[in-house]
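Report on the structure given below.
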Amino acid sequence: MNEKLGSRAIAAIRAQRGELSVVVAITVAAGLLRFYRIDDKSIWLDESFSLWIASHSLWDGWRWLIEVDQHPPLYYSLLHLWIRLFGSLEGPVRALSALASTLTIPVFYAACRRLLDRPTAALAVVILALSPFHVQFAQETRMYALLTLSVAFVFYFLARLATSRAPEGRDWVGLSVSQALVMLTHNTAAVFLPAALNAAAAIIFLLFPSGVGRGLGIGQDTRQQGSGQPDEREEGGPSRNNPPTAGSAHARTGSSSGRMEPDPDSFWRNWVRFQALALLLWLPWAVPFIIQVIDVGSGFWLPPPWPGLVLDTFRNFHFAFLPSDLPLRPVWMWGYGALAAAGLVALFAQAGWGSQVSQKHPLHGQEMPRGRLRPETQSADSDRAAILLFCLFAVPHVVALLVSLRSPIYAERPLIWTTLPYFALIAAGMRALGGLLWGRLSELVAYTRAPRVAAVASTAGLGLQTFCLAAIIGLSALSLNGYYFWFQKEAWDDAAAHIAQQAQPGDMIVFNATWVQIPFAYYFERYEIDVPLRGLPVDLFERGELEPRMEEDDVPHIEELLAGRDRVWLVYSHNWYSDPDGIIPRELARIFAESRQAEFVGIQIIHFSGRK
């Protein structure tokens with residue numbers, strides 16, 4: 001007996017080491033992809049604004065956020081400290097996002113492993129590691145990688161609460177703190193994430209009033225129950241060999257067996273309490289949040305959420321930067337969605353298999369091996385997993401679309417964190433099509449005494465799963481190639497160099513939108529040339545607006561600003577919003593006799609000279 005237990009312990013240790021090696025390898029690969037050529041592309045408009053805010057003191061940066069921006073302070077505050085340590089060049093400032101995106105991999109794996117199983121978790125993190133969408137924002141000086149990491153921690157603590165017989169207080173606190181960090185990273189997530197979490201909680205409460213905690217983890221085989229081994233999912237939590245302590249929250253002792261049983265009333269009380277704690281931690285930003293929401297409601301640049309915009313969002317979730325002429329591109333596009341739907345159906349179907357299939361074969365009544373069946377407690381957990389994943393993915397999109405009917409806010413970047421549950425569902429779909437579905441078929445065929453047919457069915461399932469994984473890896477590789485070598489950001493470095501090489505004393509540089517001066521100045525100040533930079537219709541944030549529009553009433557200010565100037569450089573970018581009528585180039589052409597134009601990615605440089 002001791003020898004058997006010893007061999008099992010050794011096998012468990014080897015399995016844990018192998019699992020750790022896989023996770024480390026995927027994390028390292030993800031890190032290499034996220035740091036590769038990180039300083040190759042120019043800083044663009046949004047990135048430069050992050051650097052501009054972070055260049056101020058913390059207090060001044062927060063003040064500017066309230067006055068001209070729509071985001072909370074957490075990322076900018078971290079970036080401020082990061083710049084003080086590593087400087088403000090392109091590579092170092094983007095490394096903060098790359099590091100956050102890389103750290104998301106092991107956290108996401110731990111969450112999926114806890115909520116689903118090891119193979120599904122491995123597939124999910126492979127999809128995330130290779131995602132060109134995530135690689136892109138891992139190489140931007142913006143808050144989206146930090147947002148995704150914070151949501152991964154929410155996902156992890158939620159998974160622990162969903163699979164523990166007696167959830168511990170540290171898991172509840174972890175959920176509250178990580179949720180508050182999400183809310184302090186992006187304002188839309190401050191609404192979307194609580195809405196998704198509480199929508200899932202409400203549905204689970206209505207369908208399963210007993211709560212979400214269970215003694216068996218989702219996907220755990222019943223053979224572990226009597227093996228004498230600790231539950232691998234509990235990771236030190238309550239199990240047969242590691243009973244819960246008297247201080248564990250959300251548990252009570254059963255009268256007959258002495259085992260700790262879930263206390264549903266305690267669970268839901270804790271849910272309300274710790275949601276309130278998350279709100280309390282976020283509360284200092286509540287008033288600035290309201291001010292920013294009012295500013296967004298009064299006017300914002302995002303277009304209405306037409307169906308094409310939603311499709312583009314999911315296309316980028318799947319394979320941003322994929323060549324447009326790739327054969328069967330629509331098939332690949334909908335294939336991801338089909339896998340996610342299959343994963344959702346499989347989680348619910350798994351519950352049906354566990355609760356409806358008897359101990360005898362459904363066809364001819366022969367006894368089936370008990371180790372193959374799913375216990376009833378696991379079936380309920382599978383239902384809960386499906387609800388959690390679906391709500392975390394779908395609710396933010398639905399809420400964003402509903403809000404956008406009044407004030408357009410639907411965009412792919414703020415919703416990047418919803419790809420975590422989405423990728424988990426895709427991985428579950430791959431497992432269902434490649435393993436569970438064909439595995440069930442092979443089981444049924446095996447009991448008809450047709451082992452060869454069963455073997456063929458099992459091999460077909462493995463082949464289908466391998467094909468899906470290979471397709472995702474191939475599409476991601478093509479997309480990453482497009483991102484690294486073909487995708488270009490706004491070329492502010494080239495624009496600044498162009499003017500720096502030709503500027504003369506007495507020149508002036510004007511900008512059609514006040515804040516496009518920021519990325520230009522980021523590069524132009526490296527040349528140490530004394531040329532005034534002025535904004536139209538006003539100087540940088542003079543009106544307290546992020547993007548003031550040029551109006552006909554501002555024309556006299558142009559003439560006043562350029563009085564006595566014989567040479568002027570116009571830096572013209574994002575004019576579709578700030579100068580849609582082309583007022584600035586029209587008026588400059590009226591004042592000056594000559595003009596020369598140079599085109600860069602996302603930017604026009606027009607040199608005006610010789611007054612009429």
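Treat the numbers as computed from the prediction; the structure is a model and nothing was measured.
- In terms of the side chain to side chain donor-acceptor pair (under 3.5 Å) criterion, Thr185 has no residue partners (sequence neighbours excluded).
- For Tyr422 and His397, the ring centers sit 6.0 Å or farther from each other.
- Atoms CG and CZ, on Leu161 and Arg114 in that order, are 9.0 Å from each other to the nearest 0.5 Å.
- To the nearest 0.5 Å, the span separating CD1 on Ile387 from CD1 on Ile203 amounts to 6.0 Å.
- Checking Ser77 against Trp62 by side-chain atom types alone, a donor-acceptor pair falls below 3.5 Å.
- Asn198 places a side-chain N or O within donor-acceptor distance of the main-chain N or O of Pro194, the cut-off being under 3.5 Å.
- With contacts defined as side-chain heavy-atom distances shorter than 4.5 Å, the pair Leu197/Val154 qualifies.
- Judged by distance alone, the side chains of Gln292 and Asp69 never bring a donor and an acceptor atom under 3.5 Å apart.
- Of all non-hydrogen atoms in Pro72 and Leu65, the two that sit nearest each other are O-CD1, 4.0 Å.
- Partner of Phe319 under the ring-ring contact (aromatic ring centres under 6.0 Å, His included) criterion, out of Trp332, Tyr336, Phe133: Tyr336 alone.
- Checked by atom type and distance alone, the side chain of Tyr75 pairs as donor or acceptor with a backbone atom of Arg142 at under 3.5 Å.
- No close placement of the Trp285 and Phe289 rings is indicated, their centers lying 6.0 Å or farther apart.
- Between Trp52 and Trp515, a ring centre-to-centre spacing not shorter than 6.0 Å is recorded.
- Taking the six-membered ring where the residue is Trp, the centroids of Tyr522 and Trp492 are separated by 6.0 Å or more.
- The aromatic ring centroids of Trp172 and Phe267 lie less than 6.0 Å from each other.
- The two atoms that bring Ala54 and Ile83 nearest to each other are CB-CD1, 3.8 Å, heavy atoms only.
- The two residues Cys112 and Ala424 come nearest to each other via the heavy atoms SG-CB, 4.0 Å.
- Closest heavy-atom contact between Glu412 and Phe317: O-CE2, 3.9 Å.
- For Arg34 and Thr102, the side-chain atoms include no donor-acceptor pair closer than 3.5 Å.
- Thr419 contributes atom OG1, which lies 10.0 Å from atom NE2 of His318 (distance to the nearest 0.5 angstrom).
- With rounding to the nearest 0.5 Å, the separation of CG in Leu193 from CD in Gln179 is 5.0 Å.
- A side-chain N or O of Glu490 and one of His574 form a donor-acceptor pair less than 3.5 Å apart.
- With Tyr484 as the aromatic partner, Lys41 does not meet the cation-pi criteria of under 6.0 angstrom to the ring centre and within 45 degrees of the ring axis.
- With salt bridges taken as basic N to acidic carboxylate O contacts below 4.0 Å, one links Arg94 and Glu47.
- Note on ring orientation: taking the six-membered ring where Trp is involved, the planes of His186 and Tyr144 are tilted (angle from 30° to 60°).
- Interatomic distance, CZ of Arg329 versus CG of Asp325, reported as 9.0 Å (0.5 Å rounding).
- Under the 4.0 Å criterion applied to side-chain N and carboxylate O atoms, Lys489 and Glu140 are assigned as salt-bridge partners.
- Between the CG atom of Leu475 and the CD1 atom of Ile127 there is a distance of 11.5 Å, given to the nearest 0.5 Å.
- For the residue pair Leu420 and Thr148, the shortest heavy atom distance occurs at CD1-O, 3.7 Å.
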**Report entry** Criterion side chain to side chain contact (heavy atoms under 4.5 Å, CB included) on Leu128 and Tyr109, from CA distance to verdict
**Finding:** CA-CA 10 Å; Leu128 177 62; Tyr109 177 85; over 6 Å; no
Query - Stepwise side chain to side chain contact (heavy atoms under 4.5 Å, CB included) test for Leu344 and Leu389 - result: CA-CA 8 Å; Leu344 185 65; Leu389 292 173; 5.8 Å; no
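- Note: Trp268 and Trp271 have perpendicular aromatic rings, judged against thresholds of 30 and 60 degrees for the angle between ring planes.
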